[in-house]
Amino acid sequence: LESLGMKTLNVVISEVMTANRSTLLSAAGTFCDWVELHNVSSQSVDLSGWYLSDNPKDPEKWEFPDLVLAPDQRIVIYCSGQDAVQDGQIHTGFSLTSTGETLTLSSFLGGAVDTATFHKTEPNCSVIFPTDSEVPATTNCPTPGYPNDDAGYERFCAAATAPGPL
């Protein structure tokens with residue numbers, strides 16, 4: 001990516017919830033697993049042709065629809081197994097397992113941009129992957145679509161929903 005002048009295009013997996021029982025309701029009225037992506041760069045990033053996978057042997061398992069992330073924007077991807085865009089929400093064709101796994105975010109060039117490995121999680125707890133550290137943290141204060149801090153949790157609780165990308 002660096003040779004293509006894309007070193008600063010940095011999208012990361014910033015938070016994951018694998019046992020959503022009552023935290024974030026999808027527009028379809030279900031509590032789905034979800035993944036939060038964060039564009040930590042100072043440029044917009046077009047995710048068209050990018051992939052998300054929970055299978056290391058199939059890094060192109062699910063392809064993103066047309067979507068551009070603005071600088072510092074976060075997006076919640078619902079891992080419902082529906083493979084659809086519904087009411088402005090994006091749903092992957094796979095679900096997550098609460099016993100742990102590794103997620104891979106790959107660019108249109110086919111290389112992994114980020115990976116996130118997590119272990120067993122309790123219901124309604126999320127795993128946060130800090131950008132300044134490689135040590136993930138489990139929390140019972142999830143922040144889907146908001147900064148992964150106390151202020152982000154307060155904003156999520158006040159809104160009771162994640163901001164939509166579409």
Where do [X] and [Y] come nearest, in terms of heavy atoms and distance?
X    : Y    : answer
T92  : C79  : OG1-CA, 3.2 Å
P142 : W34  : CB-CZ2, 4.1 Å
S41  : Q43  : OG-O, 2.8 Å
R155 : P147 : NH1-CD, 3.7 Å
C32  : Y78  : CB-CD2, 4.1 Å

If two hydrophobic side chains count as joined below 4.5 Å and joins carry through other members, does [X] share a cluster with [Y]?
X    : Y    : value
L69  : L109 : yes
V113 : F108 : yes
V68  : Y51  : no

Within this structure, what is the [atom1]-[atom2] distance for the pair [X] and [Y], rounded to the nearest 0.5 Å?
X    : Y    : atom1 : atom2 : result
N124 : F31  : CG    : CZ    : 8.0 Å
L96  : E101 : CG    : CD    : 5.0 Å
N55  : E60  : CG    : CD    : 12.0 Å
D83  : E63  : CG    : CD    : 10.0 Å
K120 : E122 : NZ    : CD    : 5.0 Å
N148 : R74  : CG    : CZ    : 5.0 Å

Any donor-acceptor pair under 3.5 Å from [X] side chain to [Y] backbone:
X    : Y   : answer
D114 : I13 : yes
N39  : V11 : no
Q89  : A27 : yes
T104 : P59 : no

Could you please spell out the steps behind the side chain to side chain contact (heavy atoms under 4.5 Å, CB included) verdict for M17 and L24?
CA-CA 10 Å; M17 181 174 282; L24 181 62; over 6 Å; no
I would like to know whether H91 and S26 meet side chain to side chain contact (heavy atoms under 4.5 Å, CB included); could you show each step before the answer?
CA-CA 10 Å; H91 294 258; S26 75; 4.1 Å; yes
Let me see the working for S14 and F129 under side chain to side chain contact (heavy atoms under 4.5 Å, CB included), right down to the final yes or no.
CA-CA 5 Å; S14 55; F129 300 90; 5.6 Å; no
Intermediate values then yes/no, side-chain hydrogen bond (donor to acceptor under 3.5 Å, both in side chains), S98 and T18:
CA-CA 5 Å; S98 63; T18 63; 4.9 Å; no
Can you confirm whether [X] sits close enough to [Y] that some side-chain heavy atom of one is under 4.5 Å from a side-chain heavy atom of the other?
X    : Y    : value
S44  : P71  : yes
D54  : W62  : no
L105 : F64  : yes
F118 : T138 : no

Which class fits the ring pair Y146 and F156: parallel under 30°, tilted 30 to 60°, perpendicular over 60°?
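Because their plane-to-plane angle lies in the 30° to 60° range, the rings of Y146 and F156 count as tilted.
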Testing V127, T121, I128 one by one against T139 for a side chain to side chain contact (heavy atoms under 4.5 Å, CB included), which residue passes?
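Only one of V127, T121, I128 forms a side chain to side chain contact (heavy atoms under 4.5 Å, CB included) with T139, namely I128.
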Sole candidate of I75, D46, V85 that passes side chain to side chain contact (heavy atoms under 4.5 Å, CB included) when paired with L67
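Among the candidates, only I75 passes.
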